[in-house]
Amino acid sequence: MPRLTPADATLILDHALGDPSVPAAAAHALLAALPFPSDPTPRLRRAVLLRRLAADPVSASALDTLHLLASLPASPSPSPSPIAAAHIAVAGFLAASAPDFDAAAAALFARPDGRVRRAVDEGGSRALASDDAVATVEQFEAAVGNSFSQVVLRGLWGDRDAAEERVRELLAAEWAGMGPSLLEVAAERIVGDVAVGTWRDADEATRAKFRVLAGEEKTREILVKLEESTSRVNPISTPEVSKVVDALKTSCAELHSVVEDPLPAAKAAADKVLATRINRTVNLNAEGGQPAACGTAGPSVLNERNNGPNKGAPPSLMDWNPTARTFQWEESPDPEGSEPALRRPHLPSPRRIPVSPLPAAENKNKRRRARKWCLLEEETLRKGVELYGSGNWKDILSNNPDVFIGRTPVDLKDKWRNMMRGIVRPPTTEKAADILLEALFSACQNLADEASSLPNEQKEFKLYRQHVDNLHQLAGDYDSVIICLGAKACSLPELANKLPLRTCRGVIAEFQLPSDTVEEYGNQSPSILSDAWMAFQGPRTVSIGSTWQWKSENYSSTVSDEEALTAKDELLPKASGVYPGISKWDFVHARAGIRAMPPLTTNGSLPLLGCLDEMVGKKSNCKFWLVGGLGARGLLYHGLVGKLTAKAAICCDENVIPSEFTCWKGIKPSQ
DNA sequence: TTAGGGTTAGCA
DNA sequence: TGCTAACCCTAA
């Protein structure tokens with residue numbers, strides 16, 4: 001009985017642990033019984049890690065195992081690689097499921113020393129790096145201190161079963177790609193496709209060993225082939241050729257005498273270990289010497305010519321294992337096809353058929369579970385389109401990684417398409433006035449149509465768009481002209497310096513809740529009129545106004561950065577006086593306008609209404625009327641002043657209008 | 001990387 | 001069963 005050497009142990013472990021059909025219990029028994037080699041084979045290293053991962057697929061320890069696995073040399077894998085997917089799935093689950101998300105996510109994903117970040121970043125493991133992994137790392141880092149993102153990430157990565165599934169997929173891919181063991185390589189050399197060459201180069205002593213391993217029948221088969229090939233392949237027999245051949249044979253014989261073939265000893269040792277550790281019911285000593293008792297290495301129980309079990313003989317590593325999955329083995333072809341495969345003793349070829357963890361079609365057709373878009377995502381997408389323009393989905397996505405978690409640029413594009421479906425897009429500033437004017441005309445048209453349906457009523461309504469330099473250009477064509485020009489009324493030459501209006505530019509600042517703020521302004525909560533007014537437009541947007549720049553002649557709605565900053569500084573303290581929560585909101589942008597302010601009277605600041613005939617001068621039968629000085633309160637006054645002025649125009653009687661609105665005529669305009 | 005048509009799943 | 005939102009596929 002040869003003594004078990006460290007090399008023997010290496011061979012056994014390399015072979016048995018690298019075979020996924022060897023149960024975990026048997027693998028553990030082998031590891032416990034045999035000394036673990038100081039320099040294990042790559043196959044053995046990989047096998048140990050895979051078995052460790054299989055036993056503990058989703059944990060901090062599994063993350064370590066994955067890092068070690070990634071450090072092993074590997075063949076190119078599909079993208080995304082199973083190990084990258086498994087790694088980020090485990091890391092994501094660990095952070096998402098941690099009681100303290102911030103601490104866990106920071107430890108794993110934060111710059112510069114997060115364990116997972118270092119693994120997937122540049123300079124880390126190429127096997128673990130993928131676009132998805134990098135994006136996920138960024139999302140988790142951004143989610144530290146961001147409760148909204150954490151909720152989303154928990155939803156995406158907090159499923160332990162999903163993480164384990166990624167690890168199982170990795171394990172399946174790794175086992176399928178596991179190469180042959182050293183023993184299998186040796187067996188292939190002795191009884192496989194290259195056996196003829198091996199036997200040809202072997203001396204008689206070595207062939208005798210081969211004969212024991214291969215069995216008599218296989219030996220005869222190989223020797224017949226060897227003889228045929230020698231006579232066929234070597235038709236030219238010259239003294240020089242014979243000399244070279246002899247030299248090669250001598251060389252091979254010397255090599256074999258120095259390097260002992262590992263197969264017999266390894267096989268014997270494996271038999272012994274398995275027999276003692278796994279199948280204690282078998283009495284090894286009953287049959288005498290172990291190497292001889294093993295009989296031929298090749299024939300399995302099933303392949304025995306007599307179909308009977310090898311009674312009394314210890315089970316061999318090469319014997320059929322009832323739990324083994326033989327579909328992974330590709331049977332050696334039978335070139336002659338003369339003998340039924342079942343009756344022909346042979347060692348299986350160590351070549352493996354690649355086994356995909358999942359059928360290709362299943363991977364291809366895997367559809368993400370639909371995830372509804374939240375309000376914040378929609379709002380951020382809206383803002384993104386405003387900022388970057390429709391079509392720049394990648395920019396919008398990459399600039400909002402903490403909001404668009406798990407979304408792709410195509411998702412953004414599709415979502416925007418849905419949001420725009422059946423919705424008229426908000427007009428640009430330039431077009432807004434036109435659209436509003438047309439809307440106003442349509443409303444008037446509808447009124448005229450309704451009036452025309454009444455008996456004895458015929459109304460006609462027409463819209464003309466025409467530039468006029470002065471009021472007299474209109475005088476000949478109309479009975480009445482009502483001037484509603486706001487602050488620009490004073491630009492008419494007939495009214496210049498005659499109206500007691502003061503211009504006042506006001507800046508309105510828009511604020512939004514940061515994307516990471518979960519608490520929103522209540523839907524039922526009111527807008528606020530205070531020292532500054534706050535008009536809430538939805539739960540996350542508010543306009544705050546307004547500043548007071550008296551006598552301004554800047555009619556532009558555009559606000560410079562400096563003006564915006566000044567306005568913000570002016571408005572925020574006023575707003576926080578009534579709504580302290582405004583400090584949590586972000587300034588977004590500002591816009592401005594000119595309001596026409598009426599004089600302050602004992603009745604307050606009231607709009608300026610009335611007939612302008614005296615001011616304009618009576619050159620025709622046309623009467624001119626003014627509606628102005630509404631300040632910032634047009635919404636409040638427009639109904640009343642419109643009705644009063646219409647009545648007065650129809651009656652041609654200014655007295656229809658209360659004197660509080662017409663008393664301004666006695667006030668001298670300020671210069 | 002994007003646009004646009006097609007497919008699928010969930011819901012009323 | 002039809003509609004819609006989310007997702008997928010493919011050409012440019």
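These numbers were taken from a predicted model, which means no experiment stands behind them. Naming convention: chains lettered A, B, ... in sequence-line order (proteins, then strands); numbering from 1 in each chain.
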* So, is the end of the Arg407(A) side chain (NZ or CZ) under 6.0 Å from the ring centre of Trp373(A) and within 45° of the ring's axis? -> yes
* Identify, between Asp395(A) and Arg417(A), the residue whose nearest nucleotide on DNA chain B lies closer to the 5' end. => Asp395(A)
* Under the 3.5 Å rule, do the base of dC7(C) and the side chain of Arg368(A) count as making a donor-acceptor pair? -> no
* To do: May I ask you to verify whether the side chain of Arg369(A) and the base of dG10(B) hold a donor-acceptor pair under 3.5 Å?
  => no
Please determine if a side-chain N or O atom of [X] lies less than 4.0 Å away from the OP1 or OP2 oxygen of [N].
X         : N      : result
Arg407(A) : dC7(C) : yes
Trp416(A) : dA3(B) : no
Asn418(A) : dA6(C) : yes
Arg371(A) : dA6(C) : no

* Derivation and outcome, salt bridge (charged side-chain N to carboxylate O under 4.0 Å, His left out), residues Asp411(A) and Arg368(A) -> CA-CA 12 Å; Asp411(A) 290 339; Arg368(A) 289 181 296 164; 2.8 Å; yes
Where the side chain of [X] is defined as all heavy atoms beyond and including C-beta, which of [options] is the nearest nucleotide?
X         : options                : answer
Lys413(A) : dA6(C), dA3(B), dG6(B) : dA3(B)
Val410(A) : dG5(B), dA6(C), dC9(C) : dC9(C)
Asp411(A) : dC9(C), dA5(C), dC7(C) : dC7(C)

* Would Asp14(A) and Thr41(A) count as a side-chain hydrogen bond (donor to acceptor under 3.5 Å, both in side chains) if you check the C-alpha gap in whole Å, the side-chain angles of each, and the deciding distance to 0.1 Å? -> CA-CA 7 Å; Asp14(A) 175 85; Thr41(A) 63; 2.6 Å; yes
Separation of atom [atom1] in [X] from atom [atom2] in [N], rounded to whole Å:
X         : N      : atom1 : atom2 : value
Asp414(A) : dC8(C) : CG    : P     : 10 Å
Leu397(A) : dT2(B) : CG    : C1'   : 14 Å
Lys372(A) : dA6(C) : NZ    : C1'   : 9 Å
Trp393(A) : dG4(B) : CH2   : P     : 11 Å
Leu412(A) : dT2(B) : CG    : P     : 10 Å
Arg367(A) : dA5(C) : CZ    : P     : 15 Å
Ile405(A) : dA6(C) : CD1   : C1'   : 18 Å
Met420(A) : dA3(B) : CE    : P     : 14 Å

* **Partners passing side-chain contact (heavy atoms from CB on, under 4.5 Å) against Asp531(A) (at least two apart in sequence or in another chain)** =>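 So Asp531(A) forms a side-chain contact (heavy atoms from CB on, under 4.5 Å) with Lys574(A).
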Listed pairs under 3.5 Å, donor-acceptor, residues 94-113 of chain A side chains, sequence neighbours left out:
from: Ser97(A); atom 1: OG; to: Phe93(A); atom 2: O; distance (Å): 2.6
from: Asp100(A); atom 1: OD1; to: Asp102(A); atom 2: N; distance (Å): 3.3
from: Asp100(A); atom 1: OD1; to: Ala103(A); atom 2: N; distance (Å): 3.2
from: Asp102(A); atom 1: OD1; to: Gly145(A); atom 2: N; distance (Å): 2.9
from: Asp102(A); atom 1: OD1; to: Gln150(A); atom 2: NE2; distance (Å): 2.6
from: Arg111(A); atom 1: NE; to: Glu141(A); atom 2: OE1; distance (Å): 3.1
from: Arg111(A); atom 1: NE; to: Glu141(A); atom 2: OE2; distance (Å): 3.3
from: Arg111(A); atom 1: NH2; to: Glu138(A); atom 2: OE1; distance (Å): 2.9
from: Arg111(A); atom 1: NH2; to: Glu141(A); atom 2: OE1; distance (Å): 3.3

